[in-house]
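The next block holds one structure in the form of structure tokens; read it before the comments.
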Amino acid sequence: MVHNAYDSFKLINNCPTKIDAVESYGSKLLVGCSDGSLRIYGPDSSIADQSPPFDPLTLRKKPYALERTVAWFSKKALLSMKVLESRGLLLSLSESIAFHRLPNFETIVVIAKAKGANVYSWDDRRGFLCFARQKRVCIFRHDGHGFLEVKEFGVPDTVKLISWSGENICVGVRKDYMILNATNGALSEVFSSGKIAPPLVVPLPSGELILGKENIGVLVDQNGKLVQAGRICWSEAPIAVVIQKPYAIALSPRRVEIHSLRVPYPLIQTIVLHDACHLIKSNNAIVVASNNSVYGLFPVPLGAQIVQLTASGEFEEALALCKLLPPKDADLRVARERSIHTRYAHYLFDNGCYEEAMEHFLASQVDITYVLSLYPSIVLPKTTTIPKPEKLIGLSPDDSSCLSDDLETWLPQPSDSDENAAFEFKKTSHNTLMALIKYLQKKGYNIVEKAAAEGMEEVVLDAIGDNFTSARSKKSNKRHGNIPINSASGHMAAILDTALLQALLLTGQPSAALELLNCLNYCDVKICEELLRNGNHYAALVELYKSNSMHRESLKLLHQLVEESKRNQSHAEEFGPEAIIEYLKPLCGTDPILVLEFSLFVLGNRPTQTIELFLSGNIPADMVNAYLKQHAPNMQGRYLELMLAMNENRISANLQNEMVQISLSEVLEWYSELSAQQMWDEKAYSPTRKKLLSALESISGYNPEALLEHLPPDALFEERAIFFRHGSSSSFVLHVPELALAYCDRVYDSAVHRLPVKSSGNLYLTLLQIYLNPQKTTKYFENSIMNLVSSSNTSTQKVSSVASLKSKVGRKKIASIEGAEDMRISPSNTDTTIEESSEEGGSTIMFDRVLDLLSRRWDRINGAYALKILPRETKLQEFRLPPAELASISGTSCKKSSEAYRNSSVIKSLRQTESLQVKDELYNQRKATVKISRDSTCSLCDKKIGTTVFAIYPNRKTLVHFVCFRDSQNKKVVTRGSLLKKR
């Protein structure tokens with residue numbers, strides 16, 4: 001016996017005649033006797049009441065006395081009775097089924113067809129009565145005035161038991177249970193009731209049925225299918241069973257057994273009552289009758305039952321009873337449930353069921369510090385007050401074997417003599433910590449969300465100035481996203497996350513700890529920092545710093561880890577320069593100075609990725625260059641080169657000029673070293689010089705005037721030539737003619753791919769002029785240099801902008817003919833050429849170079865002009881070329897001239913055709929059709945257009961009368977005139 005659910009009290013003692021049936025009506029007892037009389041008993045007013053305040057509709061817990069007797073109530077002994085309270089009737093079964101009006105017990109209806117009936121069942125909701133006589137089952141319906149027959153079905157044998165089962169009827173035939181369809185009379189067998197015990201059917205409030213099979217109650221649904229919820233086991237086959245939530249009360253010849261209706265339907269209480277044979281349920285009690293006595297089983301108050309169950313450790317039953325407390329006691333129910341959950345959690349924790357214990361701690365809604373007090377090894381913030389648990393919780397010795405390596409590292413190892421330390425060590429075992437982790441994770445969501453909401457509200461109030469004064473006086477502890485944790489919920493969130501991080505690390509789950517720090521968290525920095533450092537959990541430590549906006553500390557740690565990984569290859573895959581770059585990306589918009597400070601290291605190892613970081617973060621190039629110039633001048637040139645290679649448009653003219661200066665200074669240093677050793681060679685190209693030449697060719701924003709001053713007069717001729725954009729290449733040509741030709745070839749080849757090309761071919765003519773008259777040409781170009789340098793910055797930009805604008809204006813429909821503009825006869829850059837060489841005395845013609853240039857690059861030179869500038873006394877035989885070659889040169893020149901003329905004609909025709917197409921398109925656009933209907937109205941006077949003269953605005957949609965349009969125009973003229981007069 002677990003606890004007392006019912007108290008037994010004898011209501012009627014020594015009834016003079018044998019009791020055949022018993023029923024309750026309000027506070028009275030109706031006893032049907034074997035002599036056919038009906039004896040009505042009521043509470044004995046002469047005896048003190050032992051029950052709560054009087055309720056006229058409930059039985060009293062006091063002896064009952066006979067009030068009156070209705071003689072000859074039935075001709076034969078009563079088999080059973082049932083009070084139909086909703087209809088004010090009493091149903092009795094004797095030789096037939098009769099209905100009596102309450103409270104006078106006068107007979108109003110006797111169902112003649114029920115004569116010989118032995119069992120019945122009443123459905124109070126629908127007012128349906130079903131009964132069985134011999135092999136027939138009849139169904140009647142009460143319509144408020146009388147009973148109407150509905151259906152009648154036949155069954156295989158005499159019905160021993162009958163009960164409504166939803167819309168169907170469950171009958172016991174012989175020793176079998178069957179489900180009878182009340183609509184069509186179809187029968188379906190369920191199972192046998194056993195060899196000894198008679199059939200037993202008990203309806204449950206849920207609609208299911210309990211079917212007796214010997215001493216076992218089997219649960220089935222309304223269709224007779226087994227329910228997998230379990231079964232009730234009685235000590236012996238019961239005579240009758242009634243249901244009074246939350247219990248099932250079964251009557252056997254020697255005792256009354258009370259079972260819980262919760263799975264697994266345990267036995268709650270046993271009450272010994274000898275020779276009891278009748279069992280019914282009243283409004284507030286269970287009535288049990290023997291041959292001459294009647295007992296009342298009165299339920300013990302739920303509060304008392306809950307106390308009994310809690311004291312005996314039956315917490316599940318106690319919690320189930322708490323749910324049955326009336327709604328008016330809702331506060332009491334919540335308080336009792338929390339108390340039971342707390343005690344149950346301690347009990348489970350004490351017995352090693354840690355996860356179940358945490359579930360009940362969660363349901364009890366105790367403060368998390370209460371649960372954390374069971375874990376002395378969990379360090380909490382110093383301001384936290386740790387409550388003492390109700391009792392100390394012990395662990396089994398086997399739990400200590402499950403500790404992880406991290407747990408053994410961090411927990412103090414107990415000595416044999418220190419029992420308290422051993423107890424605490426076992427308490428924080430792996431299983432308990434795993435249960436704590438699940439508890440904190442379930443508890444954490446609401447706490448963290450509440451803390452974040454309160455923190456964000458405080459930030460908003462501070463931002464709009466409502467809290468300005470108080471905010472300045474507060475000590476602002478910041479967390480993820482600068483959320484204050486000054487509130488109680490924020491402090492609780494800090495306790496929770498700090499404890500959760502420690503538990504994850506102590507159970508060997510660094511990846512889960514890292515995931516926690518990646519999300520919104522309120523971990524205490526001081527406690528968690530020490531724990532993570534001692535455990536070498538550097539990735540989690542970086543995230544801890546990051547989540548608390550401690551970016552400088554985080555970057556310092558990353559830099560340290562990268563350096564260590566380079567030395568001993570530890571954490572090589574996890575901590576590389578890429579980790580710093582990824583960390584810096586979100587900081588570009590908020591703290592560019594910090595990004596520049598910590599990007600110096602990765603700029604040397606991962607230059608391309610670092611430049612991409614600067615570009616993606618929109619850090620101004622001038623700021624980056626200035627910072628590098630001050631703190632890392634050796635990386636400045638590298639940065640500018642990469643910037644130019646990746647995105648030339650992001651480099652300003654100042655930065656381009658500075659980049660060229662850096663490269664030029666490196667080349668001059670290299671030149672000085674070789675010159676001092678007398679090893680300088682103009683044809684030598686070091687990587688630094690190649691880089692300078694490449695930069696000079698690819699960019700145009702530098703200032704050549706400032707750079708020319710640093711060039712030596714007897715070296716670096718190619719650089720000088722590039723500075724002056726081909727105009728000063730005479731010294732270059734005279735000293736290194738082979739490189740001069742290569743330079744012309746390079747310019748020509750690069751210009752071929754950019755259309756139109758105008759000056760690439762003329763460069764060979766310039767070279768030819770230098771060969772024909774070296775001294776005068778050199779002097780001419782030196783005079784031109786001064787003018788070119790002074791106006792290089794302004795004129796170059798204007799010309800380039802105008803040229804780019806003109807190139808964009810051209811129409812795309814004209815097919816580009818490659819080389820058409822380049823092959824025109826009149827040269828573009830030689831109109832201001834020097835006079836012919838024959839007229840200049842004292843000038844030495846480099847005739848071999850002239851002949852070599854014409855023979856090797858005749859296909860790239862304007863032949864007609866080349867022949868024009870040659871000296872008049874030059875003879876064809878001096879070319880030392882075969883006649884075929886000479887013919888080829890002249891023929892090619894003619895061919896180019898004719899081809900240029902033809903291409904120009906084609907371009908002219910195409911432009912004429914395009915002009916016609918544009919005119920045709922213009923005419924088509926002007927051919928607009930306007931449909932005037934009867935509903936068309938004037939937009940000015942809102943009258944219909946009709947057949948009058950109309951005008952249409954250029955948008956082709958607005959229609960007006962021509963008169964209205966003319967008047968509106970006249971008004972505008974008048975208005976303008978008046979305004980002019982006022983002025």
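The shown structure was predicted, so the numbers you read here are calculated from the model rather than taken from an experiment.
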request  = Please confirm whether the backbone N or O of Cys33 pairs with a side-chain atom of Ser37, one donor and one acceptor, at under 3.5 Å?
outcome  =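 The answer is no, because no donor-acceptor pair under 3.5 Å joins these two groups.
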
ask   = If only atom types and distance count, is the side chain of Lys443 paired as donor or acceptor with the main-chain N or O of Ile368 below 3.5 Å?
value =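 Absent.
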
ask   = With a cut-off of 6.0 Å (strictly less than), are more than 12 heavy atoms of other residues, nucleotides or ligands near NZ of Lys438?
value =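 It does not: Lys438 NZ has 12 such atoms or fewer within range.
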
query = Would one find more than 12 heavy atoms of other residues, nucleotides or ligands at under 6.0 Å from atom CZ of Arg126?
reply =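 Counting neighbours around CZ of Arg126, more than 12 heavy atoms of other residues, nucleotides or ligands fall under 6.0 Å, so yes.
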
query = Does the side chain of Val256 come within less than 4.5 Å of Thr270's, by heavy atoms?
reply =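 Counting from C-beta outward, Thr270 and Val256 never come under 4.5 Å.
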
ask   = Under 4.5 Å between any side-chain heavy atoms of Tyr247 and Ile268, yes or no?
value =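 The answer is yes, as the side chains (C-beta and beyond) meet within the 4.5 Å cut-off.
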
Taking side-chain contact (heavy atoms from CB on, under 4.5 Å) as the definition, give me every residue that meets it alongside [X], ordered by chain and number, with sequence neighbours left out.
X	result
Ala186	Asn181, Asn184
Pro246	Leu321, Leu324
Asn118	Ala132, Thr158
Ser80	Leu93, Tyr120

Any residue meeting salt bridge (charged side-chain N to carboxylate O under 4.0 Å, His left out) with [X], in chain and number order, not counting sequence neighbours:
X	value
Asp157	Arg174
Glu359	Lys442
Glu85	none

Is it true that [X] and [Y] have a side-chain N and a carboxylate O under 4.0 angstrom from each other?
X	Y	result
Glu67	Lys28	yes
Glu23	Lys82	no
Glu149	Arg141	no
Lys61	Asp7	yes
Lys18	Asp35	no

Check: residues 209-221 side-chain donor-acceptor pairs under 3.5 Å, at least two apart:
residue: Lys213; atom: NZ; partner: Ser192; partner atom: O; Å: 3.1
residue: Glu214; atom: OE2; partner: Lys195; partner atom: N; Å: 2.7
residue: Glu214; atom: OE2; partner: Ile196; partner atom: N; Å: 3.2
residue: Asn215; atom: ND2; partner: Trp234; partner atom: O; Å: 3.0
residue: Asp221; atom: OD1; partner: Asn223; partner atom: N; Å: 3.0
residue: Asp221; atom: OD1; partner: Gly224; partner atom: N; Å: 3.0
residue: Asp221; atom: OD1; partner: Lys225; partner atom: N; Å: 2.7

task = Would you sort out whether Gln305 and His3 count as a side chain to side chain donor-acceptor pair (under 3.5 Å), showing the intermediate values?
result = CA-CA 7 Å; Gln305 294 187 55; His3 75 286; 3.1 Å; yes

key: Sequence neighbours excluded - ring-ring contact (aromatic ring centres under 6.0 Å, His included) pairs with any residue from residues 303-339   =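 ring-ring contact (aromatic ring centres under 6.0 Å, His included) check on residues 303-339 returns Phe315-Tyr344, Phe315-Tyr347.
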
Pairwise ring-ring contact (aromatic ring centres under 6.0 Å, His included) hits with a residue in residues 159-180, at least two apart =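 Sorted result for residues 159-180: Tyr177-Phe191.
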
[X] [atom1] to [Y] [atom2] distance, which is reported to the nearest 0.5 Å:
X	Y	atom1	atom2	result
Asn283	Leu57	CG	CG	6.5 Å
His259	Ile249	NE2	CD1	10.5 Å
Gln222	Leu204	CD	CG	11.0 Å

message = Tell me which one of Leu91, Thr107, Leu90 satisfies side-chain contact (heavy atoms from CB on, under 4.5 Å) with Phe99.
response =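 Result: among Leu91, Thr107, Leu90, Leu91 is the only option passing the side-chain contact (heavy atoms from CB on, under 4.5 Å) with Phe99.
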
Please list, one pair per line, the donor and acceptor atoms closer than 3.5 Å that link side chains of residues 286-295 to other protein atoms, with sequence neighbours excluded.
residue: Ser290; atom: OG; partner: Ser293; partner atom: N; Å: 3.3
residue: Ser290; atom: OG; partner: Ser293; partner atom: O; Å: 3.4
residue: Tyr295; atom: OH; partner: Lys10; partner atom: NZ; Å: 3.4

message = Just to verify, what does Glu208 make a side chain to side chain donor-acceptor pair (under 3.5 Å) with, not counting sequence neighbours?
response =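 By the side chain to side chain donor-acceptor pair (under 3.5 Å) rule, Glu208 matches no residue at all.
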
query = With a 6.0 Å cut-off on ring centres, are Phe147 and His142 close enough?
reply =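 Aromatic pair counts; centres sit under 6.0 Å.
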
message = Taking the ring centre of each residue, are Phe349 and Tyr354 less than 6.0 Å apart?
response =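 Yes, close enough.
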
inquiry  = Before you tell me yes or no, could you show the steps for Arg136 and Val155 under side-chain contact (heavy atoms from CB on, under 4.5 Å), namely the whole-Å CA-CA distance, both residues' side-chain angles and the distance that decides it to 0.1 Å?
reply    = CA-CA 6 Å; Arg136 308 294 296 176; Val155 291; over 6 Å; no

